[in-house]
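What follows is a single structure, written as structure tokens, with notes after it.
Within every chain, numbering begins at 1; the chains are lettered A, B, ... in the order of the sequence lines, protein sequences first and strands thereafter.
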Amino acid sequence: MCSSHNQLVPKVATIKKITEETSSGDVKTFYVEFDKPEERAEFKNMPGQCAMISVLGVGESMISITSSPTRPDPLEFSIKKMGKVTSKLHDMSVGSKIGIRGPYGNNFPVDEWRGKDLVFIGGGIGLAPLRSVINYCIDKKENYGSISIIYGSRSPADLCFKEELFDNWPNLEGVEVHLTVDKVEEGERWDKSVGFVPQYLEQISPSPNNSIAITCGPPIMIKYVLESLEKMKFEDEQIITTLELKMQCGVGYCGRCNIGDKYVCIDGPVFSYKQIKEMPQEF
Amino acid sequence: MMTMTEKMREQVKELFVNNEIKLFIGFEKGFTKFSRIPAFAENYDEAKKMIIDEFETPFLAKYLIRELEEVAAGIVEKSERVAILTRGCDYLGIRRLIVDNIILRENIVIVGIPCDGLIDVKKANKLLGEEAREITIDEENVIAKGKTENKIISKAEVVLDRCRQCIMCEPKESDIMLAEKTANVKKNKDYSKIEEIEKMSAKERYEFWSRQFERCIRCFACRDACTACNCRKCIFDITEPEMLEKTVATSEQFMFHFIRAFHVAGRCSACGECERVCPVDIPLGLLNGKLRKDIEFLFNVEEAGIPSEIEPLGEFKLDDPDEW
Amino acid sequence: MSVKFKPNIICFACNWCSYTGADMAGTSRMKYPATIKIIRVPCSGRVNPTFIMKAYQKGADGVLIAGCHPGDCHYNSGNYFAKRRFLLATRFMNYIGIDAKRLRMEWISAAEGVKFARVMAEFSETISELGPNWRAREEV
Amino acid sequence: MNKLLRSNVSCLLKKLSEHTEIYASTEEDGVCILAKLDNYEEWTMNYVRTANSVKDVFFPQNEEIMKYKDASSDLKIEAPKPFKERIAFGVRPCDAAAMLLLDDVFLKGEFYDSYYKERREKGTIITIACEKPDQHCFCTSFDLSPGATEGSDIVLYPTEDFFLVVEVTEKGKKLIKDNAELFEDIGAKPEIVDSYKNMRTVLGDVCIPNDLNEKLKGEFDNSYWKKIARRCLGCGNCTFVCPTCHCFAVCDVARGCDGKRARTWDSCKFQDFFLMAGDHNPRPTQIERTRQRFMHKLNYFKEKYDKYQCIGCGRCVEKCPVGVHIADVITHMKEEL
Amino acid sequence: MKKIGVFVCWCGLNISSTVDVGKASEELKNYPGVFYADDYKYLCSDPGQELIKKTIIDNKLEGIVVAACSPNMHESTFRAAAEAAGLNPYRVEITNIREQTSWVHSNKEDATIKAIQLIKATVEKVKKSEDLFPQQIPLTKKVLVIGGGISGMTVALEVAEAGYPVILVEKEPQIGGNMAKLSETFPTLDCASCILTPKTAEVGRHSNITLMTNSEVVESSGYFGNFTVKIKRKPTFVDWEKCIGCMLCQEKCPKKTNSDFEHGMGKRKAISVAFPQAIPYRPIINEKECIYFKTGKCKMCVKVCPVDCIEFEQLENIVEENIGAIVVASGYELLPKEKLSEYGQGKYADVIDGMQFERIASASGPTEGVIRRPSDGKIPQSIVFIQCAGSRDNQKDRPYCSKICCMYTAKHAMLYKHQVHDGTATVFYMDIRAGGKGYEEFVQRAIEDDHVLYLRGRVARVYEEDGKLVVLGVDTLSSEQVRIEADLVVLATAVIPSEKAKVLGQTLKVGTDAYGFFNEAHPKLRPVESMTKGVFLAGCAQAPRDIPETVSQATGAAAKVITMFSKNHLVSDPQVAKVNEKICVGCLQCEPICPYKAIEPETIEVRIGHTVEKRQVATINKGLCQGCGACSVACRSGAMNLSGFSNEQILEELKALCL
């Protein structure tokens with residue numbers, strides 16, 4: 001048999017469970033398990049890394065792993081219905097087979113954050129990559145300072161991971177959860193703040209000393225969040241975000257996801273704001 | 001008397017001075033000795049380096065799509081127009097864009113030049129036996145100077161194949177004509193190569209074409225150089241429905257060349273640009289030529305190369321032939 | 001006895017005339033070989049030459065387009081356009097090496113069930129003589 | 001050094017073809033290409049460079065990554081069968097050097113491509129030095145030369161009636177040992193080798209400054225990109241003929257529930273190369289794409305692998321329909337900065 | 001994968017006899033995308049449709065494939081069932097495994113493989129289907145009836161009674177059609193004009209009916225609910241508004257000509273009205289015969305006309321009308337006897353056809369009801385009636401039976417015997433077809449009471465011999481040659497469509513069959529509709545039939561029109577073309593192809609970031625487009641697509657069939 005462990009050949013996995021995150025059904029979380037346990041053992045993923053999910057016959061797409069390595073099985077992927085592969089995934093039912101390969105990309109530098117306060121700023125589906133590192137830091141709470149989560153979405157129905165946001169995370173000590181929504185249709189019960197995430201962030205204004213801000217979400221939100229973080233005198237190294245580009249191989253030689261000489265699939269997707277400033281503004 | 005280049009420069013100076021155009025598209029010297037490449041001048045001094053001679057030149061009409069506003073924007077005022085250097089084959093390309101509602105005739109200034117055939121440097125080199133260092137052209141023949149000896153070749157021998165069957169020597173109508181009209185010598189249609197292939201057996205034909213398509217590397221240069229291919233988003237780039245898969249297998253190559261040929265059926269003006277730009281020299285002219293020959297024979301269209309208001313495949317006659 | 005080659009033939013039948021003609025052949029219990037599969041299209045003018053080439057590429061051995069008689073088209077000009085496209089397509093395919101006998105166009109009206117069955121049997125016979133079509137076919 | 005008579009080249013090829021695939025330069029309808037050869041008389045010498053490069057042999061345009069069976073029910077994935085030995089004969093020195101650049105991409109780094117690795121291990125490159133480079137060549141600007149030996153296993157230096165054979169790698173030595181009867185040892189002939197090595201190309205040297213990539217860093221919104229991009233038609237010609245371009249697309253070919261996943265070349269010049277789901281395209285117009293192509297060749301590649309991603313073979317210059325020329329970019333950037 | 005339900009129908013034994021239905025539904029169970037697959041005895045029955053509805057609701061299915069009979073039969077039934085269950089009807093597709101598979105193949109194994117492949121192809125088609133919603137189109141509530149015979153008038157009266165405006169176009173100067181020419185009608189022998197004139201009078205004075213006699217439809221465009229029709233009003237050379245109907249002009253007019261109303265049996269004046277009870281009771285000048293038109297002199301009618309309403313320079317004018325529906329009631333004609341060489345080819349004056357006998361027998365006819373020989377006016381002592389003259393005759397490629405000749409020939413014989421008791425009436429027949437109510441009794445009465453002699457056999461030749469007509473035939477019952485000398489021979493010639501019908505068909509884009517009768521949408525289930533939506537058929541225009549059937553069919557057509565007008569707007573088929581504006585470049589190469597001129601250029605504004613781009617694209621007028629799809633082939637980039645038969649759907653079907 002030819003060396004079958006070519007990077008581009010996926011491993012077979014099965015969808016064990018599917019939960020709908022938003023009521024409109026455009027974001028679903030897939031609980032996936034490898035068919036062969038030894039392939040799961042090889043798949044050592046760190047928080048923030050991604051994996052190439054392939055729907056055979058349609059294509060592949062790079063999705064961030066939303067489950068933390070501290071709670072390994074099954075792997076969880078929260079996927080928004082955007083393109084060809086993701087909409088085919090949304091049509092799939094429990095028990096159908098998909099391909100997985102990875103893990104790819106660098107991970108959040110959790111070791112450098114020892115003893116620091118962590119501020120997670122998420123928008124819409126952007127909470128998915130953050131959730132893996134939030135759960136990771138919660139499971140190793142002793143290494144880190146306080147954790148505050150600032151998360152917003154278009155409407156209460158679009159909030160992802162509702163049970164963690166409302167009943168799981170707030171009751172843990174040292175963890176605060178601040179939620180906001182852009183608008184509330186009448187008839188929906190919503191007692192928390194209403195407004196965009198960047199303005200809400202400035203209201204809460206977490207202190208910049210000895211803290212790291214990690215943000216992830218739609219590009220427009222990231223743009224304003226970075227501005228308000230600068231206003232609050234966060235240094236560039238203190239701000240971490242993830243970038244997203246079209247990826248075909250995920251292993252750095254298909255020449256597609258480069259910003260300047262950095263490849264998002266191997267040098268990213270996690271970048272510090274300092275790195276981003278040095279790169280050419282072409283993403 | 002002034003050479004064509006000087007006449008052009010003077011005309012362009014005049015156009016820029018009284019603010020008639022915003023851009024002039026012409027040719028300038030390329031990097032290798034006899035190559036001519038497109039040049040864009042937004043003011044007169046940029047136009048100084050432009051030249052006109054009888055070496056093989058690329059096709060300019062396609063640039064009008066990007067340089068001009070959408071048709072919906074309507075007729076722009078005088079100073080926003082684009083001037084373009086136009087030989088007969090360029091004119092057919094421009095007509096094609098006008099008929100396809102991609103550009104408006106009022107938005108362009110046609111600077112016409114007569115032409116009776118451009119020189120093919122490769123043929124000159126082959127006759128000379130080595131790469132010519134110097135090539136000078138006068139009325140009837142071409143002097144090619146190589147390292148050791150030089151040769152005088154009659155122009156007819158080295159003229160481009162596409163120019164041998166040129167259906168329009170200079171633009172039928174133009175805003176400015178740089179030189180007086182030459183005798184519009186009517187060249188007879190030469191479908192001999194196509195008839196040659198038609199005489200082969202079906203098996204030979206399949207082998208001939210699969211050998212050609214084997215070489216195709218699917219770089220789409222033929223599509224991007226052709227004015228008849230002026231879609232907003234080409235069907236080969238659309239993934240839903242996927243008419244053509246990205247994999248380059250033999251059946252996909254047949255599919256690609258079949259669709260491309262059919263999309264220019266009745267629209268191709270035999271300018272030969274697709275053959276010129278093909279990196280592996282696939283005889284695309286024979287494909288387009290076959291469809292043009294059939295259209296002229298079956299639907300008795302006098303000259304399928306000249307763009308008509310409604311394409312041959314866009315209309316029908318009650319007495320179209322029935323036997324197949 | 002050698003297993004006779006069973007061709008795979010695609011027929012594009014226009015909904016108003018030929019498809020109803022095929023139904024007529026059915027109601028009068030005409031028999032023709034089961035090698036022909038019919039795709040219903042609103043008009044023979046709907047058949048894009050690219051579909052024909054796609055059929056050969058995906059593995060069809062023969063393609064038949066059945067439309068209304070000229071003048072009878074429910075959309076009154078669909079079949080004239082189909083005729084022009086077909087005239088070019090069949091010559092061009094023959095030119096690049098696919099046998100012209102593998103593509104056929106027939107005018108079959110709603111009342112000509114008999115003709116439909118006869119044409120189908122005839123076409124299936126010619127194609128099984130020609131054998132499978134490997135030219136421009138996809139290898140998987 | 002050995003000698004190989006021109007006459008017994010075809011019997012060498014016939015002997016080698018018993019257990020290896022032979023890719024040799026042949027002329028087909030007036031175009032010289034490197035193709036799999038079965039009748040060895042068709043091998044030809046009168047070409048400056050083949051239309052397709054040796055990249056075709058080791059990183060083919062269309063390559064099957066895997067086959068899969070009944071996609072969603074119980075999925076089975078098979079890797080392709082192992083590749084056969086292969087020999088590329090009649091390659092030019094510049095193409096052979098290009099393979100070293102591709103090796104950096106596909107073999108170095110944390111992830112390597114096993115198919116490419118296997119083909120490279122099972123492949124030998126027999127180069128023929130260039131007798132007469134033409135007006136498009138500028139390999140000397142990348143410290144290569146018509147007689148360079150980088151990347152090849154064996155280099156043949158043509159003289160009037162025989163080839164001077166120089167083994168470069170172990171593989172080359174082994175091959176010559178196996179077919180010793182066709183070669184004759186004629187001792188060292190350095191003057192033939194040097195005559196090729198210091199032959200100058202017509203275009204002359206473009207002498208690229210070593211710190212060109214530093215200079216290019218700041219040149220992101222230089223108006224020069226807009227000027228040359230205006231001429232570019234956006235076809236994939238230059239990237240597909242270039243022996244060092246390695247961008248590819250992964251696509252699935254489905255036949256019902258089964259099918260295969262294939263890898264094919266892709267070009268950064270195409271409209272949808274960077275298009276993401278949700279219709280966001282970081283490089284929407286030809287200006288960004290032209291800049292991306294030249295910055296990748298002259299800046300990003302140098303940053304990562306400390307080599308310029310160009311070997312001066314001149315294919316992109318010869319084949320570009322509108323004369324967008326990499327040497328012009330280098331000279332322009334050199335003067336301006 | 002979309003959740004698709006597959007239902008394979010047994011159709012009793014029709015499908016299950018040559019297609020292994022169980023194996024098919026079994027195989028489809030684990031086909032990707034199929035959530036539920038089952039077979040059922042009669043899917044089109046109510047329990048069958050209940051099964052479909054229940055399965056859709058229980059499993060929230062998103063697409064249905066019914067493998068049964070032809071879509072022309074039950075596509076609408078299954079789509080309605082799906083709609084009732086809350087699924088968009090255009091997510092339902094039919095696989096034809098009866099007419100095109102089980103009935104046409106004998107080998108069960110091949111037929112099953114083909115059926116399975118066809119069903120899989122349809123599943124692929126349903127996967128690419130979209131929700132389509134019918135379009136509301138405005139409707140003109142006005143009907144155009146072409147032909148003023150009994151069928152046209154019945155439709156006009158019924159629709160006018162329902163309160164909708166009617167335009168009745170008749171090519172003759174007066175309405176009444178063929179029925180007005182009849183003497184009595186079978187089987188009740190009541191006088192034709194007695195039962196017709198009340199109808200014509202009512203039509204004449206009904207406020208909702210606009211009568212356009214002496215006119216023809218020359219052009220029609222548009223689509224159902226919105227037709228635009230051009231009607232040519234031929235000149236009558238008399239101003240009918242001013243004319244008071246005193247008919248002095250007809251009396252005083254010196255010129256006599258052959259009256260085509262009398263079929264050559266009688267004469268009429270150059271300016272005249274066809275028959276006394278004609279509606280409208282206004283004269284018309286026959287310009288070919290009138291002396292003034294030929295020589296410019298005479299003008300007798302101008303002199304005598306009290307209200308001076310003669311207008312020699314009257315021109316034809318074209319009237320344009322917006323119409324919602326069209327009813328074709330163009331009636332029939334008799335095969336001209338010149339076409340029948342074996343019966344004298346029209347040379348003998350005393351060999352006449354059925355309509356000429358009607359005129360002779362009619363009280364308002366030229367002979368005031370006395371049956372006389374057209375040659376010398378004598379009362380004939382013996383008449384021979386020849387049935388099936390030209391009908392049921394393959395040589396003349398008119399194999400059909402004209403249906404009404406058996407009855408009217410019996411009537412003719414009976415009328416003659418009532419007038420000339422001692423005369424002999426012989427009828428040569430093949431089979432007597434008297435299937436209507438009271439028909440058979442009528443024929444028996446003619447045989448027993450009126451002693452009409454029925455000879456079973458065909459007539460070989462009719463020729464004249466010294467002033468006497470000789471009829472040579474055979475009596476197959478006694479198998480003897482028969483030679484009868486007759487004073488008068490009446491041919492029951494074939495019923496053929498009126499000669500302008502073929503042209504009318506082309507104008508209205510309605511197909512006609514090989515003999516020129518209009519094609520109905522479905523012979524049994526939709527006899528009064530034509531294949532073109534919005535165009536209905538009534539009477540002999542569709543096939544030969546007698547008056548009771550014509551009236552019932554006309555009432556049916558009127559009912560169809562009234563139901564169509566009962567809604568305020570029409571629901572159009574959403575399977576029409578649609579433009580993907582992101583891809584369309586606006587080259588409009590599709591525009592010349594559309595037969596309904598439904599495509600126009602339009603400028604749209606597209607917002608990209610903060611710049612607004614104006615672009616020209618093609619747009620579809622959803623009402624005009626009938627969904628033929630010819631434009632989607634002309635569109636190179638695939639921007640123009642046809643919902644219901646989109647490029648994706650056809651390609652998926654193709655791929656599934658070629659696997």
Side-chain angles (χ1 to χ4, degrees), chain B residues 194-195 197-198 200-213 235 241-245 247 249-263 265-266 286-295 297-299 304 311-324, chain C residues 43-45 47-60 63-65 67 69-73 75-107 123 130-131 133-140:
Chain B
I194 294 168
E195 270 128 20
I197 294 179
E198 280 167 349
M200 291 185 193
S201 78
K203 197 158 181 12
E204 278 160 354
R205 281 198 301 269
Y206 181 70
E207 261 139 29
F208 172 76
W209 284 115
S210 42
R211 202 172 63 240
Q212 307 299 331
F213 295 157
I235 192 154
E242 203 168 34
M243 281 298 191
L244 187 74
E245 267 139 28
T247 52
T250 334
S251 68
E252 291 302 326
Q253 298 293 52
F254 267 89
M255 202 63 207
F256 166 67
H257 283 278
F258 179 86
I259 296 177
R260 191 203 58 74
F262 238 82
H263 278 187
L286 298 184
L287 285 175
N288 304 344
K290 165 67 180 169
L291 283 166
R292 202 168 45 255
K293 170 171 164 297
D294 285 348
I295 285 175
F297 162 69
L298 290 171
F299 313 137
E311 294 167 24
L313 278 180
E315 57 182 1
F316 63 90
K317 296 199 187 72
L318 293 180
D319 53 6
D320 279 342
D322 253 338
E323 30 44 70
W324 35 65
Chain C
C43 175
S44 51
V47 180
N48 194 333
T50 324
F51 297 158
I52 304 171
M53 195 62 190
K54 203 65 160 168
Y56 288 121
Q57 184 201 5
K58 291 292 175 189
V63 175
L64 189 134
I65 305 169
H69 287 267
D72 285 1
C73 171
Y75 307 102
N76 84 30
S77 62
N79 46 12
Y80 286 112
F81 287 116
K83 181 157 64 161
R84 275 210 165 184
R85 290 172 191 145
F86 177 79
L87 281 171
L88 283 187
T90 185
R91 279 172 172 69
F92 187 67
M93 276 202 233
N94 194 15
Y95 181 70
I96 56 174
I98 299 171
D99 203 326
K101 291 207 274 303
R102 288 186 182 279
L103 175 62
R104 185 170 170 179
M105 186 170 218
E106 278 298 327
W107 306 127
F123 192 58
L130 283 173
N133 164 39
W134 296 113
R135 295 186 181 157
R137 177 185 285 196
E138 208 176 42
E139 306 90 18
V140 180

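Contact record, Phe299(B) with Leu87(C): CE2-CD1, 3.8 Å, taken as the closest heavy-atom pair. When all heavy atoms are compared, the tightest approach of Phe254(B) to Met53(C) is CB-CE, 3.9 Å. Here the closest non-hydrogen pair linking Lys58(C) and Glu245(B) is NZ-OE2, 3.8 Å. Nearest approach of Arg91(C) to Lys290(B), heavy atoms of both residues: O-CE, 3.9 Å. Across all non-hydrogen atoms, the minimal contact from Ser251(B) to Ala136(C) is CB-O, 3.5 Å. Here the closest heavy-atom approach between residue Lys83(C) and residue Asp322(B) is recorded as NZ-OD1, 3.2 Å.
Open room surrounds NZ on Lys101(C); 12 or fewer heavy atoms of other groups in view lie less than 6.0 Å from it.
Both the backbone and the side chain of Pro49(C) come within less than 4.5 Å of a heavy atom of chain B. With a 4.5 angstrom heavy-atom cutoff, Glu207(B) does not touch chain C via any of its atoms. Proximity to chain C involves both the backbone and the side chain of Met243(B), based on heavy atoms less than 4.5 angstrom apart. Contacts between Phe208(B) and chain C at a heavy-atom distance below 4.5 Å are absent for every atom of the residue. The parts of Ala89(C) that come within reach of chain B are both its backbone and its side chain, each placing non-hydrogen atoms under 4.5 angstrom from that chain. Contacts of Leu298(B) with chain C are made by side-chain atoms alone, with heavy-atom separations under 4.5 Å and no backbone atom involved. No part of Gln253(B) comes within reach of chain C, as not one of its non-hydrogen atoms sits under 4.5 angstrom from that chain. With a 4.5 angstrom heavy-atom cutoff, Ile259(B) touches chain C only via side-chain atoms.
Under the side chain to side chain donor-acceptor pair (under 3.5 Å) criterion, Thr50(C) pairs with Asn48(C), not counting sequence neighbours. Taking the salt bridge (Lys or Arg N to Asp or Glu O under 4.0 Å) definition, one finds that Arg137(C) meets it with Asp61(C), sequence neighbours left out.
Atom OH of residue Tyr206(B) and atom CG of residue Asp99(C) lie 13.0 Å apart, to the nearest 0.5 angstrom. The structure places CG of Asp294(B) at 12.5 Å from CZ of Arg84(C), a figure rounded to the nearest 0.5 Å. One finds the CD atom of Gln57(C) at 4.5 Å from the CD atom of Glu252(B) (value rounded to the nearest 0.5 Å).
At distances below 3.5 Å, at least one donor-acceptor pair connects side-chain atoms of Arg205(B) with backbone N or O atoms of Asn94(C).
The ring-ring contact (aromatic ring centres under 6.0 Å, His included) test with Phe258(B) is passed by exactly one of Phe51(C), Phe92(C), Tyr95(C): Phe92(C).
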